[in-house]
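To start, the structure itself, in structure tokens.
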Amino acid sequence: MSQFDALFQPLNINKLTIRNRVVSTAHAEVYATDDGMTTERYVKYYEEKSKGGCGLCICGGSSVVSIDSPQGWWKSVNLSTDRIIPHFQNLADAVHKHGGHIMIQITHMGRRSR
Ligand SMILES: Cc1cc2nc3c(=O)[nH]c(=O)nc-3n(C[C@H](O)[C@H](O)[C@H](O)COP(=O)(O)O)c2cc1C
């Protein structure tokens, strides 16, 4: 048994099974549109990670959840509107197609942002 075997073991979180312990942690992709919708590039960025074997992708580093939490310079996705829902459906489908899972980091930027 090598010291890395655990990395490739599945992980169960309640009813969800993540195929391995390889995670892409939250970061600003800077691939959303100015009004915070995902783009083809955004989707492909995560699809490629899943295709490459990543078990879990965390997208949307510090994505805003409210109209009083401004978009940052990093062009996060905008969760203050339901317009984002079909975009997320596409994103999830692209990742699931290759066996990966995806979750999102959300935040209210509050006093940290102007
Ligand atoms: C450009 C950039 C943006 C990041 N944005 C976030 C973020 O929005 N939320 C977060 O929790 N971590 C963020 N991180 C931290 C990363 O998720 C990760 O924890 C960190 O880069 C350490 O991993 P590494 O050594 O593989 O780079 C960011 C990192 C980088 C380099």
Side-chain angles (χ1 to χ4, degrees):
M1 180 156 172
S2 93
Q3 61 179 320
F4 300 115
D5 283 351
L7 192 57
F8 302 102
Q9 296 304 310
L11 178 71
N12 295 320
I13 305 171
N14 291 326
K15 291 180 180 166
L16 181 72
T17 302
I18 312 277
R19 61 182 158 182
N20 57 41
R21 285 94 192 287
V22 178
V23 176
S24 172
T25 58
H27 59 280
E29 304 93 358
V30 202
Y31 290 155
T33 61
D34 285 343
D35 67 340
M37 297 298 118
T38 59
T39 55
E40 190 181 343
R41 187 174 188 182
Y42 193 109
V43 173
K44 286 203 179 306
Y45 181 64
Y46 284 105
E47 180 169 7
E48 288 301 316
K49 287 177 191 260
S50 180
K51 207 187 283 182
C54 191
L56 176 67
C57 297
I58 305 176
C59 71
S62 297
S63 293
V64 299
V65 292
S66 168
I67 54 168
D68 63 2
S69 178
Q71 296 291 118
W73 58 263
W74 57 90
K75 293 169 111 183
S76 63
V77 281
N78 181 2
L79 308 175
S80 71
T81 166
D82 284 351
R83 283 194 298 120
I84 195 67
I85 293 172
H87 291 271
F88 277 174
Q89 191 66 61
N90 286 341
L91 177 62
D93 287 348
V95 170
H96 294 164
K97 191 162 71 186
H98 304 286
H101 287 282
I102 187 160
M103 60 180 279
I104 188 165
Q105 182 182 56
I106 63 176
T107 190
H108 187 293
M109 294 304 290
R111 61 190 162 77
R112 288 176 291 162
S113 189
R114 273 179 271 168

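Side-chain atoms are counted along with the backbone in the values below, which use heavy atoms only and exclude waters and symmetry mates. Residue numbers start at 1 and run along the sequence shown. Quick caveat, the model's predicted, so the values are computed rather than measured.
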(request) Just say parallel, tilted or perpendicular for the rings of Y31 and Y45, cut-offs at 30° and 60°. (result) perpendicular
(message) With a 4.5 Å cut-off on side-chain heavy-atom distances among I, L, V, M, F, W and Y, is there a chain of contacts connecting V77 to V64?
(response) no
(message) Side-chain heavy atoms nearer than 4.5 Å, only ILVMFWY residues, links allowed to pass through others: does that put V95 and L79 together?
(response) yes
(request) Taking all non-hydrogen atoms of both residues into account, name the closest pair between G100 and H96 and its distance. (result) O-CD2, 3.3 Å
(message) Can you list everything that forms a salt bridge (Lys or Arg N to Asp or Glu O under 4.0 Å) with E47? Sequence neighbours excluded, please.
(response) K97
(message) Using a 6.0 Å cut-off, check whether atom CG of D68 has over 12 heavy atoms from anything other than its own residue.
(response) yes
(message) T38 vs N90, test: side-chain contact (heavy atoms from CB on, under 4.5 Å). Steps then yes/no.
(response) CA-CA 9 Å; T38 59; N90 286 341; 6.0 Å; no
(request) Ignoring hydrogens and angles, state whether a donor on the side chain of H98 or S50 is under 3.5 Å from an acceptor on the partner side chain. (result) no
(message) A side-chain contact here means heavy atoms from C-beta on lying under 4.5 Å apart; do Q105 and S63 qualify?
(response) no
(message) When you group the ILVMFWY residues by side-chain heavy-atom contacts below 4.5 Å and let the links chain together, are M103 and L16 in the same group?
(response) yes
(message) Within the structure provided, determine whether V43 and H87 are in side-chain contact (heavy-atom separation under 4.5 Å).
(response) no
(message) Rounded to the nearest 0.5 Å, what separates atom NZ in K51 from atom NZ in K44?
(response) 7.0 Å
(request) Hey, could you give me the CG/CD distance between N20 and Q9, rounded to the nearest 0.5 Å? (result) 10.0 Å
(request) Output yes when a side-chain donor or acceptor of Y42 lies under 3.5 Å from a complementary backbone atom of G60, and no otherwise. (result) yes
(request) Could you grab the distance from atom CZ of F8 to atom OG of S2, nearest 0.5 Å is fine? (result) 8.0 Å
(request) Can you run down the salt bridge (charged side-chain N to carboxylate O under 4.0 Å, His left out) pairs that involve residues 7-25, sequence neighbours left out, and say none if there aren't any? (result) none
(message) Looking at every non-hydrogen atom in both residues, tell me the closest pair between Y46 and C57 and how far apart they are.
(response) CD2-CB, 3.7 Å
(request) May I ask you to test the I84-N78 pair for a side-chain heavy-atom distance under 4.5 Å? (result) no
(message) Just verifying a value: how many Å separate I58 CD1 and S24 OG, rounded to the nearest 0.5 Å?
(response) 7.5 Å
(request) Please name the pair of heavy atoms, one in A32 and one in S76, separated by the smallest distance, quoted to 0.1 Å. (result) CB-O, 3.9 Å
(message) Is there a path of hydrophobic side-chain contacts, each under 4.5 Å between heavy atoms, that joins M37 and I106?
(response) yes
(message) Working to the nearest 0.5 angstrom, can you tell me the gap between D35 CG and K75 NZ?
(response) 10.0 Å
(request) State plainly whether one hydrophobic cluster holds both I102 and F88, where clusters connect Ile, Leu, Val, Met, Phe, Trp and Tyr through side-chain heavy atoms under 4.5 angstrom apart. (result) yes
